[in-house]
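This report refers to the structure that appears directly beneath it.
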Amino acid sequence: AAAAVLVLASAATAQPEPPPEGLGFAADYPGDAGIAADDRTILAEMFEDGLEDILARYETVRGAERMALEPDTPAGSAGGQSLRMTHVGGEGDTVDLYTRLPEYDPGYDTVFLRFYVKIAEDCWPIHHFVTLGGRNPATPWPDPQAGTRPDGTDRFSTAVEPFGDAWRWDFYTYWMEMRGNPGGRFWGNNFVNDPDLTVARGEWVCVELMVRINEDLDGHDGAHAFWIDGELHAIDGRAVSYAGPGTPNGRWIWDSFHPASDGEPFEGMRWRASEDLAVNYLWLLLYITGAGTGHESNVWFDHVVAATEYIGPMVPADP
């Protein structure tokens, strides 16, 4: 299977329309063959080399001994292998790949990160997952500073996560105007809160995550979004896995935003207060806590693409 491809996109507009759905520019590259050469692609990881060469492309690698290449790929792939990460209970919490993006200084206005993932049916609930973010200054290692709120000059991040034993997709987001919890701590905020947005385990799923930073340093013209198999998640006909200026409607309950048609329009994302902060890293993270000793949790990644436009799912490779 084609190795994970990472696509990054950059753009910014004042009051943007919700992003597109369905096919994106990946449709020009059946099976993702050749997508790395597209001008819109910032980074493409297909996992088609040897493991040692693949890992050398990342600045931080943890749990390399629990990574392997396997001939299990998404339907339509032009490649022949994917990357398996295995978490083993009692042997640490983290298996991950982290890197700053090409031309990361200070970073990109908008990034789309598309990846295919398969989570084993017996996987232990996942604590944290794939993340896009920005740091000032950029660092060659992850530094999430969990439990603290960014100040608008130092960092921001957003992840798309399978949300633990709830097994539902949602955001997990740190930014300068994030909400705290009753204990006065700041843990990643979530935005969708729909139990019907379930994670399909045991099969390949196309996931795409987008961050668009605010151009107005005092404003809220930033946004983020995620797609599952090329679709934004909607409730009552309105997309809720896109959060930007004026959409969706809903209510904050401590550190969770709950979409509701009779709620207030979402204010938009103010990611930063400094021009020195932009999207400049990606983190393929498998972080699991509390797993039974010796319990193996397998997750496969493939077709990771970062780009300056919406990527969308693959179309099948030519025979």
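For reference, positions follow the sequence shown, starting with 1.
Annotation: side chain of Ser82 is in contact with side chain of Trp204 (closest heavy-atom distance under 4.5 Å). Looking at heavy atoms from C-beta onward, Leu113 lies in side-chain contact with Val130 at the 4.5 angstrom threshold. Considering only heavy atoms from C-beta on, Met176 stays 4.5 Å or farther from Trp271 through its side chain. Looking at Val192 and Leu197, their side chains come closer than 4.5 Å, going by heavy atoms from C-beta outward. Between Asp93 and Ile288 there is no side-chain heavy-atom pair separated by less than 4.5 Å. Side chains of Pro140 and Arg100 form a contact here, defined as non-hydrogen atoms less than 4.5 Å apart.
Nearest heavy atoms, Gly134 versus Asn280: CA-OD1, 3.3 Å. In this structure, Arg114 and Ala26 approach most closely via the heavy-atom pair NH2-CB, 3.4 Å. Residues Tyr310 and Glu21 come closest through the heavy atom pair OH-C, 3.7 Å. Heavy-atom minimum distance, Gly152 versus Leu277: O-CD2, 3.6 Å. When every heavy atom of Thr289 is checked against every heavy atom of His127, the shortest pair comes out as OG1-ND1, 2.8 Å. Pro30 and Pro316 get closest at one heavy-atom pair: CB-O, 3.2 Å.
Of the residues listed (Tyr242, Phe226, Tyr172, Trp252), the one engaging Phe191 in a ring-ring contact (aromatic ring centres under 6.0 Å, His included) is Trp252, and it is the only one.
Under a hydrophobic clustering in which Ile, Leu, Val, Met, Phe, Trp and Tyr are joined whenever their side-chain heavy atoms come within less than 4.5 Å, directly or via other members, Val61 and Ile54 fall into the same cluster. No chain of hydrophobic side-chain contacts below 4.5 Å, direct or via other Ile, Leu, Val, Met, Phe, Trp or Tyr residues, connects Val315 to Phe115. In this structure, Phe257 is a member of the same hydrophobic cluster as Phe186, with clusters built from ILVMFWY side-chain heavy atoms closer than 4.5 Å. Connection of Leu209 to Tyr104 is not established within any shared hydrophobic cluster, with ILVMFWY side chains joined at heavy-atom distances below 4.5 Å, either directly or through further cluster members. Note on Trp141 and Tyr58: separate hydrophobic clusters, where clusters join Ile, Leu, Val, Met, Phe, Trp and Tyr whose side-chain heavy atoms are under 4.5 Å apart, directly or indirectly.
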Check the pair Arg135 / Asp143 against salt bridge (charged side-chain N to carboxylate O under 4.0 Å, His left out), numbers first and verdict last.
CA-CA 9 Å; Arg135 283 192 54 80; Asp143 184 19; 3.4 Å; yes

Hey, mind stepping through Glu177 and His220 against side chain to side chain donor-acceptor pair (under 3.5 Å) and telling me if it holds?
CA-CA 10 Å; Glu177 294 185 353; His220 297 79; 2.7 Å; yes

Where do Ser157 and Arg155 land on the side chain to side chain donor-acceptor pair (under 3.5 Å) test, with the steps shown first?
CA-CA 7 Å; Ser157 65; Arg155 61 191 164 93; over 6 Å; no

Applying side chain to side chain donor-acceptor pair (under 3.5 Å) to Thr94 and Arg66, what does each step give before you reach the verdict?
CA-CA 10 Å; Thr94 305; Arg66 295 189 291 279; over 6 Å; no

For a side chain to side chain donor-acceptor pair (under 3.5 Å) check, start with the C-alpha distance between Thr158 and Thr173, then their side-chain angles and the critical distance, and finish with the verdict.
CA-CA 4 Å; Thr158 192; Thr173 305; 2.7 Å; yes

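In this structure, Glu65 places its CD atom where more than 12 heavy-atom neighbours from other residues, nucleotides or ligands lie under 6.0 Å away. The number of heavy-atom neighbours closer than 6.0 Å to CG of Asp39, taken from other residues, nucleotides and ligands shown, is 12 or below. Other residues, nucleotides and ligands place more than 12 heavy atoms under 6.0 Å from the CD atom of Gln145. Enclosure of atom CG in Asp53 by more than 12 non-hydrogen atoms of other residues, nucleotides or ligands within 6.0 angstrom is indicated.
A cation-pi contact, defined as under 6.0 Å to the ring centre and within 45° of the axis, is absent between Arg179 and Trp254. Cation-pi check for Arg40 over Phe25 is met; the charged atom lies under 6.0 angstrom from the ring centroid and within 45 degrees of its normal.
Side-chain N/O atoms of Glu70 and Trp300 include a donor and acceptor closer than 3.5 Å. Of the N and O atoms on the side chains of Glu161 and His128, at least one donor lies less than 3.5 Å from an acceptor on the other residue. A donor and an acceptor atom, one from each side chain of Arg238 and Ser261, are nowhere located under 3.5 Å apart. Using a 3.5 Å distance cut-off with no hydrogens or angles, the side chains of Thr153 and Asp151 do pair a donor with an acceptor.
In this structure, CZ on Arg57 lies 10.0 Å from CG on Leu97, to the nearest 0.5 angstrom. Interatomic distance, Leu284 CG to Phe129 CZ, rounded to the nearest 0.5 Å: 8.5 Å. Remark: Trp169 CH2 to His233 NE2 distance equals 13.0 Å, nearest 0.5 Å. With rounding to the nearest 0.5 Å, the separation of OG in Ser241 from CD1 in Ile228 is 7.5 Å. The CZ atom of Arg270 lies 10.5 Å from the CG atom of Asp221; values are rounded to the nearest 0.5 Å. Of the inter-residue distances, the one linking Asp165 atom CG with Ile126 atom CD1 reads 12.0 Å to the nearest 0.5 angstrom.
Ring geometry, His295 versus Trp124: the interplanar angle exceeds 60°, so the pair is classed perpendicular (tilted spans 30 to 60°).
For Phe156 and Tyr174, the distance between ring centers is not under 6.0 angstrom.
The hydrophobic cluster containing Tyr287, built from Ile/Leu/Val/Met/Phe/Trp/Tyr side-chain heavy atoms closer than 4.5 Å, also comprises Tyr98, Tyr281, Trp283, Leu285.
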